[in-house]
Q: 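Once you've had a glance at the structure underneath, I'll fire off some questions.
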Amino acid sequence: MTSLVTVYIPTKNRLSLLRRAVQSVLGQTHGPIELIIVSDGSTDGTCDYVRSLQQQANVKLIHNETSVGACAARNQALDIAEGEFITGLDDDDMFLPHRLERFITAWRVREQAGERFSCLFDRRIVDQGGAVTLANAAPVADFETMLGENLIGNQVFTTPARMRAAGGFDAAMPAWQDWEMWVRLVQHGGPAHNIGANSYLMDVSHEFERITLKSGDRIIQAAKLFYAKHGQGGRALPGLLNSLGAYPQIRLSLGDLMVMAGTPATRRHALRQLRRRQFKPTMAGTLA
C-alpha cells in the first residue's frame with residue numbers, strides 16, 4: 001500500500017505565492033497526498049482558491065477568522081493530519097517533483113536497517129533572485145549539534161506521531177520556531193538525517209517578509225526563550241551568539257549576554273564568547 005503523506009502549508013494573504021507552492025505539492029511524483037492549508041486570517045481570496053481545489057485533490061482547509069500565528073496554524077494542521085508521514089512547506093517556497101518520493105525511499109532504507117532516527121531533511125536550493133546557493137549541507141543533525149546551529153532548516157519529513165510526541169510547535173516563540181521544534185524532535189526521537197536530494201526551493205527574492213527582516217526585539221526575545229528552554233548549562237550559548245550575529249538589525253551588549261547567561265559559570269562563558277566574536281556593545285538591556 002502506498003503511504004499517505006500529509007503536507008501542511010500555513011498562509012496569510014499571499015495568494016500569488018500560495019498558488020505556486022500548492023502546484024508544487026500536487027505535482028509530486030509520489031501519491032497519495034493529503035494537503036492541509038491553514039488560512040490564518042486571509043482576506044485575499046485564499047479560501048476560495050483552496051475550495052476550488054477540493055474537487056480534484058485531497059485538500060483540506062482550516063480558516064482562522066483572526067490570525068493565530070504560524071506556529072499555532074501548523075499545530076492545527078498537525079492535529080488533523082491523517083498521513084503516515086508529514087512534512088511542511090512555506091507558502092513562498094516550492095517542492096521539486098521528486099521530494100516526497102525520495103524521502104519515503106530514504107525512510108524505508110533506514111527503517112529496515114533498524115536505525116534510531118527522528119526525521120529526515122534535505123539540502124535547500126536558495127533562490128536570491130539571480131544567485132542560487134545550497135543550504136543545510138550537514139549529513140546528520142543530532143541534539144548536541146542542533147543546540148549550536150539549525151542544521152536542518154525550515155522543514156523536516158517525519159511522522160505525525162513523532163511531531164506530536166515532541167510537543168508540536170511552540171506558539172510562544174516569536175521567531176526561530178522551526179529550530180526550537182527540531183531541537184525537541186531530535187532530543188526526543190534521535191538524530192535527523194540529510195537525504196542530499198536538493199528537493200526544496202526556498203525563494204528569498206520576493207518582497208514579502210521573511211525572518212531576516214523581523215524586528216530585532218522579536219529575534220532577541222526568541223533567543224531568550226530558546227536559551228531558557230535549551231540552555232543546557234551554557235552549551236547553547238555559542239550557537240545563539242552566532243545566530244544573533246547574523247542579523248544586521250541586532251547589536252548585542254554585554255548586559256544582553258549577562259541576562260541570557262544567567263548563572264556565574266555561563267556568564268564567564270558569555271564573556272569569552274563576546275571577546276572571540278567582537279560584538280559591538282549597543283542596545284543594552286534588550287533581553288531584560
Side-chain angles (χ1 to χ4, degrees), residues 1-108 119-120 122 124-125 127 154-164 168-169 171 178 197 199-203 205-209:
M1 181 177 178
T2 304
S3 300
L4 177 66
V5 179
T6 297
V7 179
Y8 58 85
I9 305 177
T11 188
K12 181 179 180 181
N13 290 335
R14 303 210 288 190
L15 180 55
S16 61
L17 295 174
L18 176 66
R19 291 178 186 273
R20 185 181 66 176
V22 166
Q23 292 308 311
S24 78
V25 175
L26 299 182
Q28 289 293 295
T29 57
H30 170 82
I33 294 170
E34 173 190 55
L35 176 57
I36 303 175
I37 299 174
V38 185
S39 167
D40 194 32
S42 295
T43 58
D44 64 346
T46 288
C47 293
D48 289 338
Y49 166 67
V50 175
R51 292 188 188 103
S52 74
L53 300 170
Q54 292 176 327
Q55 297 296 322
Q56 56 186 339
N58 183 9
V59 179
K60 297 179 180 177
L61 171 66
I62 298 173
H63 176 62
N64 301 316
E65 290 290 343
T66 301
S67 176
V68 298
C71 279
R74 294 183 186 109
N75 288 336
Q76 287 177 309
L78 178 60
D79 287 343
I80 67 169
E82 297 181 355
E84 178 183 355
F85 299 107
I86 190 168
T87 190
L89 174 61
D90 289 352
D91 62 4
D92 52 349
D93 297 335
M94 290 175 283
F95 287 172
L96 296 188
H98 60 282
R99 181 171 174 83
L100 299 184
E101 182 180 359
R102 296 286 182 87
F103 270 133
I104 290 175
T105 299
W107 187 284
R108 296 304 185 202
C119 60
L120 302 175
D122 196 11
R124 295 177 297 170
I125 303 168
D127 180 3
N154 60 332
Q155 307 295 344
V156 300
F157 182 89
T158 187
T159 67
R162 295 185 190 202
M163 288 189 74
R164 291 166 185 151
F169 292 89
D178 302 325
S199 63
Y200 191 97
L201 181 59
M202 181 178 184
D203 180 8
S205 65
H206 60 77
E207 70 277 12
F208 292 96
E209 178 184 318

Q: Out of curiosity, Asn13 CG to Thr46 OG1, how far, rounded to the nearest 0.5 Å?
A: 6.0 Å
Q: CD1/Ile125 to CE/Met202 distance, rounded to the nearest 0.5 angstrom?
A: 12.5 Å
Q: Only one of Asn154, Leu17, Ile9 forms a side-chain contact (heavy atoms from CB on, under 4.5 Å) with Asp93, so which one is it?
A: Asn154
Q: CG of Asp90 to CG of Asp203: how many Å apart, nearest 0.5 Å?
A: 11.0 Å
Q: Name all residues meeting the salt bridge (charged side-chain N to carboxylate O under 4.0 Å, His left out) criterion together with Arg51; count only those two or more places apart in sequence or in a different chain, and write none if there are none.
A: Asp48
Q: Side chains of Arg14 and Asp92: closer than 4.5 Å at any heavy-atom pair?
A: yes
Q: Which residues pass the ring pair (Phe, Tyr, Trp, His ring centres under 6.0 Å) test with Tyr8, not counting sequence neighbours?
A: none
Q: Restricting to non-hydrogen atoms, name the atom on Cys71 and the atom on Ala171 that form the minimum distance, rounded to 0.1 Å.
A: CB-CA, 3.7 Å
Q: Can I get a per-line list of side-chain donor-acceptor pairs under 3.5 Å for residues 96-103, giving both atom names and the distance, sequence neighbours left out?
A:
from	atom 1	to	atom 2	distance (Å)
His98	NE2	Ala197	O	3.1
Arg99	NH1	Ser199	OG	2.9
Glu101	OE1	Thr29	OG1	2.5

Q: Please list, chain by chain and in numerical order, all residues satisfying salt bridge (charged side-chain N to carboxylate O under 4.0 Å, His left out) with Lys12, sequence neighbours excluded.
A: none
Q: Show every ring-ring contact (aromatic ring centres under 6.0 Å, His included) that has at least one partner inside residues 63-89, sequence neighbours left out.
A: Phe85-Trp107, Phe85-Phe157
Q: Nearest 0.5 Å, please: how far is CG in Leu89 from OG in Ser24?
A: 5.0 Å
Q: Could you tell me whether the side chain of Thr105 reaches within less than 4.5 Å of the side chain of Arg108, counting heavy atoms only?
A: no
Q: Using the side-chain contact (heavy atoms from CB on, under 4.5 Å) rule, pick out the option among Val59, Leu35, Leu26, Val22 that qualifies with Val7.
A: Leu35
Q: Write out all pairs satisfying side chain to side chain donor-acceptor pair (under 3.5 Å) with one or both partners inside residues 68-79, taking only residues at least two apart or from two chains.
A: Asn64-Gln76
Q: Taking atom CE of Met163 and atom OG1 of Thr6, what is their separation to the nearest 0.5 Å?
A: 10.5 Å
Q: Can you tell if the side chain of Asp40 reaches within under 4.5 Å of the side chain of Pro10, non-hydrogen atoms only?
A: no
Q: Out of curiosity, Thr159 OG1 to Ile86 CD1, how far, rounded to the nearest 0.5 Å?
A: 9.0 Å
Q: Do Gln155 and Asp122 meet the criterion of a side-chain donor-acceptor pair at a distance under 3.5 Å?
A: no
